[in-house]
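What you are looking at is a predicted structure, and each value in this text was computed from that prediction instead of being measured. Only heavy atoms go into these numbers, but all of them, side chains included; no hydrogens, no water, no symmetry mates. Lettering of chains follows the sequences in order, A, B, ..., and the numbering in each one begins at 1.
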Amino acid sequence: MSMNLDMISLNSEFSEGTGLRTEEMLLNVGPQHPSTHGVFRLVVKIDGETIKESLPVIGYLHRGTEKLAEGLNYTQIIPYTDRMDYLSAMTNNYVICHAVETMMGIQIPERADFLRVIVMEMNRIASHLVWWGTYLLDIGAMSPFLFAFRDREMILELFNELCGARLTYNYMRIGGVKWDAPPGWIEKVKEFVKHLKKEIENYHALVTGNEIFINRLQGIGKFDAKTAIDYSLSGVMLRSTGVKWDLRKDEPYSVYNRFEFDVPTATEGDCLARYQLRMAEIEQSLRILEQALGQFPEEGEIMGKVPKVIRPPQGETFVRIESPRGEIGCYIASNGKDKPWRMKFRRPSFNNLQILPKLLKGENISNMVAILGSIDIVLGEVDA
Amino acid sequence: MLGFAKGLGYTFKQLTAKKVTHFYPDVPYPMPPRFRGIQHFSPEKCIVCNQCARICPTECIQLTGKPHPDPEKKGKIIDTYDINFEICILCDLCTEVCPTNAIVMTNNFELATYSRDELFKNLNWLDDNNTNVREEN
Ligand code: SF4
Ligand code: SF4
């Protein structure tokens, strides 16, 4: 991305009132900075402690996933999607499988659908836990990070048992999933759900009620529903302004229409609201998990009827699902071959990040990291 | 400051909680049976069908075959087989397509070396990597 040249011109002025000369200054945050959660650079122009302008510079992690996909067949693309939103690889796996399955009209066996929903919701919780821990680390609390990673570790262990990897799962296949649940795995997930339900209470005791924390976040990074829609924000960023929009509810995919759950919303649109929503979402995910584990089919196939060579018919498709960060979409244009002619991912982190310069304008520099963290970006997904 | 005190209370309670840390690498870290570690390759099973090299998304498998030494028998046997672990992403696709289970995953995962060249593993090395071989493939 080229630099915006206007930003580099810095003003200095003499204030009659105080008798002081003030000067604007450019501050470069990142690309290697612990609070940018990846390789992300933010150039801010500050006057004293006030941010005048800011410019996010992205692309350090760009691997050209969409272009690479044009040279790969559909099964080969799945491991690449693991590396986009690497905190929630299961939802990424799902979106590409869902797109191809929609194009080819493949029926998914029930058991595979349930396994998919279970792993996606577990991944949502894991992703929110990482956010919770690192966000509090950003604003200065150390211990929540340790607790969050302790509990996330349990999810990763369960995934490791299921598909043999802790982060880059490559678990779903077009038409189903690669592995069936190993013996006793479902019981272990049930145990975990029970454990986390208790832990969530402790998380609230540890952080949510803390007065310093509430005062720190209330009223900063605020925007309204119209702005959110204008910037095409999604996920918690959108729901924190009062718009009730969750694709699991509004355009149910997989077997989500069989479960009862709420879509938490808030109206404040500030960092605190986003914190509360993500915590509430963990609770809702646990609710979905409980129901999915309860209704889990005793037996059945895990792969549907899939042709040996996957060749979606000529045409195009766009599907979208709800990832922990917002709406993730997958667009495929096929010319009937076994490789896509063009593939495009709508990545929520990328869209959500766009609002950052607007939110930072006029803010105090000490709020910068708190606002950036509340957007919850994953740089692998921003840059793809 | 009630909320603040409550939070501190939870932290203090952890003093008596069970430890969750592992003593890796002093104590080896066991991985579950399905874990995708470094591959084991059995040359005698390979039928040189090239499927693994074709499915590999990062094109890190290089293989060549040679005619069967016994002129009575048809087909080929494997001559060289290399995996470049600089770019292998342990995605499991090669082991999934192999019709004879010549290439299978193991539970070994310690790949760190001092030189990048050492990550280029050949047939003999992959054949010798025969501990903790995964059972279901
Ligand atoms: S695990 Fe994946 S990347 Fe590695 S050799 Fe096999 S197919 Fe290639
Ligand atoms: S897929 Fe298996 S049998 Fe075929 S070439 Fe590869 S290792 Fe050999």
Task: Segment of B:Met105 engaging chain A (4.5 angstrom heavy-atom cut-off) - done: neither
Open item on the list: Does anything in residues 55-70 of chain B form a side chain to side chain donor-acceptor pair (under 3.5 Å)? List the pairs, not counting sequence neighbours.
Closed with: B:Thr64-B:Thr80
TODO: Scan for side chain to side chain donor-acceptor pair (under 3.5 Å) pairs involving residues 68-77 of chain A, sequence neighbours excluded, and state none if there are none.
DONE: A:Lys67-A:Glu70
Open item on the list: So that I can tick it off, tell me whether B:Asp92 and B:Arg134 are bridged by a salt bridge, with the cut-off set at under 4.0 angstrom between side-chain N and carboxylate O.
Closed with: yes
TODO: Tell me, out of A:Thr208, A:Leu162, A:Ile214, who's got the most heavy-atom pairs with chain B below 4.5 Å.
DONE: A:Leu162
Task: Proximal component of A:Tyr203, with respect to chain B [non-hydrogen, under 4.5 Å] - done: neither
Open item on the list: Less than 4.0 angstrom from a charged side-chain N to a carboxylate O is my criterion; do B:Glu96 and A:Arg173 meet it?
Closed with: yes
Task: Proximity breakdown for A:Ile78 and chain B, heavy-atom pairs closer than 4.5 Å - done: neither
TODO: Select one option (side chain, backbone, both, neither) describing which atoms of A:Pro144 are under 4.5 Å from chain B's heavy atoms.
DONE: neither
Open item on the list: Looking at chain A, which one of B:Thr11, B:Thr21, B:Ile55, B:Val20 has the largest number of heavy-atom pairs inside 4.5 Å, strictly under?
Closed with: B:Ile55
Open item on the list: Less than 4.5 Å to any heavy atom of chain B: does that hold for the side chain of A:Phe213, its backbone, both, or neither?
Closed with: neither
TODO: Inspect the contact between A:Glu211 and B:Lys6 and indicate whether a charged nitrogen and a carboxylate oxygen are less than 4.0 angstrom apart.
DONE: no
TODO: Salt-bridge test for A:Arg150 and A:Glu153: reply yes if a basic N is under 4.0 Å from a carboxylate O, no otherwise.
DONE: no
